[in-house]
Amino acid sequence: LSMNQFKILCLKADILLSTFETQNLRARRLHALPSTMELDRTIYPKDGHMAASMCQALLVYGNCEELRLEFMATYFKCKDINETDKECRRRHYEAFYHFGKLLYTAIMLFGVDIYDNNGGSSDNANAFSFMVSNHNVNKQKFFYHNVNKPILFTKFNASFHGPTSCTTSKNVAIVHMPVEESDGIVLQLDTNNVSWQHFCLDVSIYG
């Protein structure tokens, strides 16, 4: 990003933070007990509103494709150099530690539970405990994700260790399949068999 581009994104972030949609967001209350995935409390918004740095990170993720692809690549080991897990993490931390932390914090604080069928109101979102298994919710939601290469299988079981762009509409996924990836496929992600809470954040206004 050039300094000019970053200044423009900062201005966009200021505008978004002043909108009703963003002002209506409230951060989820952190669970009192230690979590397996702790948030950095130094960037936790004390007033419950989204911090400017989080909004800027979401805008970068949604608008800077080359940077986003470089960022996502740091979540996977380089097979050609036989990279270890530790080396992969170091590569991620050295290049995108703060960026990744801001994105993760924004999703965990302002995202809604993927099983929430009531629209994810702030009161409902705050009712969920952070990273606690919840077996009494209605699990009826599917997500769709584009894969840019043709793969043949009937079922799959995957673990996601980084941000994953999805949509709840199969038609939207098909429409947004890039022309150069027209031979790719759309995966339907079934959340019905997931036992741990996962959160998603609608980033349509940031892209």
Side-chain angles (χ1 to χ4, degrees), residues 1 5-6 9 12-13 16 19 21-22 25 28 37 39 50-51 53-78 88-89 91-93 95-117 119-120 125 131 139-151 153 155-194 196-207:
L1 280 179
Q5 289 173 312
F6 183 68
L9 285 174
K12 287 184 178 179
L16 281 173
T19 62
E21 186 172 358
T22 307
L25 286 174
R28 176 178 288 101
M37 303 179 76
L39 298 182
M50 181 178 286
S53 55
M54 292 183 196
C55 188
Q56 291 161 10
L58 289 168
L59 282 169
V60 170
Y61 181 84
N63 293 276
C64 306
E65 185 177 3
E66 288 187 18
L67 192 150
R68 181 174 66 249
L69 292 175
E70 288 293 325
F71 168 66
M72 293 303 298
T74 63
Y75 284 96
F76 303 95
K77 291 186 289 186
C78 295
C88 180
R89 285 195 296 271
R91 180 163 52 87
H92 172 76
Y93 293 153
F96 295 108
Y97 175 79
H98 295 288
F99 181 51
K101 181 170 66 173
L102 286 168
L103 288 177
Y104 174 75
T105 305
I107 293 169
M108 297 310 298
L109 291 183
F110 299 99
V112 297
D113 189 282
I114 60 174
Y115 303 141
D116 177 17
N117 291 322
M131 289 301 291
K139 306 176 182 180
Q140 296 294 332
K141 187 171 290 186
F142 295 93
F143 290 88
Y144 300 92
H145 176 70
N146 291 339
V147 176
N148 59 7
K149 295 180 181 179
I151 306 173
F153 54 78
K155 294 182 180 179
F156 70 97
N157 187 6
S159 296
F160 297 93
H161 301 286
T164 305
S165 299
C166 299
T167 176
T168 55
S169 169
K170 184 187 295 186
N171 290 333
V172 170
I174 294 172
V175 168
H176 285 83
M177 179 75 75
V179 176
E180 62 274 15
E181 298 174 1
S182 57
D183 60 343
I185 61 173
V186 175
L187 297 179
Q188 177 178 276
L189 308 179
D190 182 358
T191 64
N192 295 322
N193 297 315
V194 179
W196 288 96
Q197 265 192 303
H198 289 67
F199 298 100
C200 60
L201 181 65
D202 184 354
V203 296
S204 56
I205 64 171
Y206 304 101

*Asks:* Of all the heavy-atom pairs spanning Leu102 and Ala57, show the shortest one and how long it is.
*Replies:*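 Distance-wise, the nearest heavy atoms are CB-CB, 3.8 Å.
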
*Asks:* What is the minimum heavy-atom distance between Leu59 and Ala13, and which atoms define it?
*Replies:*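 Heavy-atom minimum between the residues: CD1-N, 3.5 Å.
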
*Asks:* ring-ring contact (aromatic ring centres under 6.0 Å, His included) with Tyr93: which residues, sequence neighbours excluded?
*Replies:*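 Result, ring-ring contact (aromatic ring centres under 6.0 Å, His included) vs Tyr93: Tyr97.
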
*Asks:* According to side chain to side chain donor-acceptor pair (under 3.5 Å), who are the partners of Arg91, at least two apart in sequence or on a separate chain?
*Replies:*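 Expected list: Glu83.
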
*Asks:* Phe99: which residues meet the ring-ring contact (aromatic ring centres under 6.0 Å, His included) condition with it, sequence neighbours left out?
*Replies:*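 In terms of ring-ring contact (aromatic ring centres under 6.0 Å, His included), with neighbours along the sequence ignored, Phe99 is linked to Phe71.
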
*Asks:* Could you tell me whether the side chain of Phe143 reaches within less than 4.5 Å of the side chain of Thr168, counting heavy atoms only?
*Replies:*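 A side-chain contact exists here, since the closest heavy-atom pair is under 4.5 Å.
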
*Asks:* According to salt bridge (charged side-chain N to carboxylate O under 4.0 Å, His left out), does anything in residues 198-207 pair up with another residue at least two apart or in another chain? List the pairs.
*Replies:*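 Qualifying pairs, neighbours excluded: none.
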
*Asks:* Of all the heavy-atom pairs spanning Tyr61 and Pro163, show the shortest one and how long it is.
*Replies:*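 Taking every non-hydrogen atom into account, OH-CB, 4.0 Å.
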
*Asks:* Below 4.5 Å, heavy atoms only, C-beta onward: do Met50 and Leu16 meet side chain to side chain?
*Replies:*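 In short, these two side chains do not touch, never coming nearer than 4.5 Å.
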
*Asks:* Give the C-alpha distance, both sets of side-chain angles, the deciding distance and a yes or no for side-chain contact (heavy atoms from CB on, under 4.5 Å) between Leu67 and Phe96.
*Replies:* CA-CA 10 Å; Leu67 192 150; Phe96 295 108; 4.0 Å; yes

*Asks:* Shortest non-hydrogen contact from Cys55 to Tyr206?
*Replies:*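 Shortest heavy-atom contact: SG-CE2, 3.8 Å.
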
*Asks:* Measuring from atom OH of Tyr144 to atom OG of Ser169, what distance do you get when rounded to the nearest 0.5 angstrom?
*Replies:*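 One gets 8.0 Å once the value is rounded to the nearest 0.5 Å.
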
*Asks:* Taking the side chain as every heavy atom from C-beta outward, state whether Lys170 and Phe142 have any atom pair closer than 4.5 Å.
*Replies:*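 No, every pair of side-chain atoms sits at 4.5 Å or beyond.
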
*Asks:* Quick one: list whatever passes side chain to side chain donor-acceptor pair (under 3.5 Å) with Thr22, sequence neighbours left out.
*Replies:*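 Thr19.
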
*Asks:* How about NZ on Lys12, more than 12 heavy atoms from neighbouring residues, nucleotides or ligands closer than 6.0 Å, or not?
*Replies:*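 It does not: Lys12 NZ has 12 such atoms or fewer within range.
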
*Asks:* Let me confirm one number: the CD-CD distance from Glu65 to Glu70, rounded to the nearest 0.5 Å.
*Replies:*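 So the CD of Glu65 and the CD of Glu70 are separated by 11.5 Å.
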
*Asks:* Working to the nearest 0.5 Å, report the span between CG of Leu69 and SG of Cys64.
*Replies:*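 These two atoms lie 11.0 Å from each other.
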
*Asks:* Apply salt bridge (charged side-chain N to carboxylate O under 4.0 Å, His left out) to Lys77 and list each qualifying residue two or more places apart in sequence or on a separate chain.
*Replies:*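 With neighbours one apart ignored, the set is Asp85.
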
*Asks:* Measure the spacing between CE of Met72 and OG1 of Thr74 and express it to the nearest 0.5 Å.
*Replies:*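 Atom-to-atom, Met72:CE and Thr74:OG1 are 8.0 Å apart.
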
*Asks:* How many angstroms lie between NE2 in His145 and OG1 in Thr164, if you round to the nearest 0.5 Å?
*Replies:*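 That separation rounds to 6.0 Å.
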
*Asks:* Looking at every heavy atom in both Leu201 and Phe110, which two are closest together, and how far apart are they?
*Replies:*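 Of all heavy-atom pairs spanning Leu201 and Phe110, the closest is CD1-O, 3.5 Å.
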
